[in-house]
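Here the structure is laid out as structure tokens; the discussion comes afterwards.
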Amino acid sequence: MSKKHVSTDQLISTILKGIDEVKGENIQLIDLREIENTVCEYFIVASGTSNTHVSAISGSVQKIVGKESREKPYHVEGETQANWILLDYIHVVVHVFQKPTRELYDIEGLWGDAKITKIS
């Protein structure tokens, strides 16, 4: 029996639900489809107020995506220190930052040619 994968739009919606569930802040969807040689189609970037909040956002995303979409991240990085946790769902990569770390790495600035949508 083969595993049924959810659409990218469904995955994005479920990820956003997971972020919203624990009040992630400053959420942005970065559409990378029009940029050559990118590693995925979308980035979702969100901020947490502390390492505990960043961990909670990551955990909520993984729990809700797992429950509703039966998808697990291909790779997870940064859970130990929780300054920046990356969840790789192949077509969608989620970045959850503490505010100072987000400002330092400026993902939105690095991908300035991409279409960026603020999620409220």
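Being a predicted model, the structure only gives us computed values, none of them experimental.
- For the residue pair Val93 and Cys40, the shortest heavy atom distance occurs at CG2-SG, 3.7 Å.
- Residue Tyr74 shares its hydrophobic cluster (ILVMFWY side chains chained together at separations under 4.5 Å) with Ile90.
- The CG atom of Leu16 sits 11.0 Å away from the CD1 atom of Ile64 when rounded to the nearest 0.5 Å.
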Between Phe97 and His95, is a side-chain contact (heavy atoms from CB on, under 4.5 Å) present by the stated rule, with each step listed? CA-CA 6 Å; Phe97 289 99; His95 299 271; 3.5 Å; yes

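- A salt bridge links Arg102 to Glu108: at least one charged side-chain nitrogen sits closer than 4.0 Å to a carboxylate oxygen.
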Test log, rule side-chain contact (heavy atoms from CB on, under 4.5 Å), inputs Ile27 and Leu29: CA-CA 7 Å; Ile27 305 162; Leu29 176 66; over 6 Å; no

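- Legend: residues meeting ring-ring contact (aromatic ring centres under 6.0 Å, His included) with Trp111, ordered by chain and number and at least two apart, are Phe43.
- Both Tyr105 and Ile35 are members of a single hydrophobic cluster when ILVMFWY side chains are connected at heavy-atom separations under 4.5 Å.
- More than 12 non-hydrogen atoms from other residues, nucleotides or ligands lie less than 6.0 angstrom from CD of Glu25.
- The shortest side-chain heavy-atom distance between Glu41 and Thr8 falls under the 4.5 Å cut-off.
- Taking all atoms of both residues into account, the shortest heavy-atom contact from Thr38 to Leu32 is OG1-O, 3.6 Å.
- The CG atom of Asp113 lies 12.5 Å from the CG atom of Asp31; values are rounded to the nearest 0.5 Å.
- A continuous path of hydrophobic side-chain contacts links Val94 to Val6 [ILVMFWY only; heavy atoms under 4.5 Å].
- Both Ile119 and Tyr89 belong to a single network of hydrophobic side chains, linked directly or stepwise wherever heavy atoms of I, L, V, M, F, W or Y lie under 4.5 Å apart.
- The backbone N or O of Leu87 sits nowhere less than 3.5 Å from a side-chain atom of Glu77 that would complete a donor-acceptor pair.
- One N or O on the side chain of Gln10 and one on the backbone of Ser7 form a donor-acceptor pair closer than 3.5 Å.
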Tell me, with the steps shown, if Arg33 and Lys115 meet side-chain contact (heavy atoms from CB on, under 4.5 Å). CA-CA 9 Å; Arg33 293 175 297 173; Lys115 179 182 176 193; over 6 Å; no

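- Cluster annotation: Val76 is connected to Val65 through the hydrophobic network of ILVMFWY side chains, with a link wherever side-chain heavy atoms come within less than 4.5 Å.
- Atom OG1 of Thr101 is separated from atom CG of Asn83 by 4.0 Å, given to the nearest 0.5 angstrom.
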Carefully, step by step, assess Trp84 and Val96 under the rule side-chain contact (heavy atoms from CB on, under 4.5 Å). CA-CA 6 Å; Trp84 173 6; Val96 185; over 6 Å; no

Which atom pairs, one a donor and one an acceptor, fall under 3.5 Å between side chains of residues 50-61 and the rest of the protein, sequence neighbours left out?
residue : atom : partner : partner atom : Å
Ser50   : OG   : Thr52   : N            : 3.4
Ser50   : OG   : His53   : N            : 3.1
His53   : ND1  : Thr49   : N            : 2.9
His53   : ND1  : Thr49   : OG1          : 3.3
His53   : NE2  : Val22   : O            : 2.9
His53   : NE2  : Lys23   : O            : 3.4
Ser55   : OG   : Asn51   : O            : 3.1
Ser58   : OG   : Gln62   : NE2          : 3.0
Ser60   : OG   : Gly18   : O            : 2.6

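- Annotation: the span from Thr14 atom OG1 to Glu71 atom CD amounts to 9.5 Å, rounded to 0.5 Å.
- The two residues Ile30 and Val45 come nearest to each other via the heavy atoms CD1-CG2, 3.8 Å.
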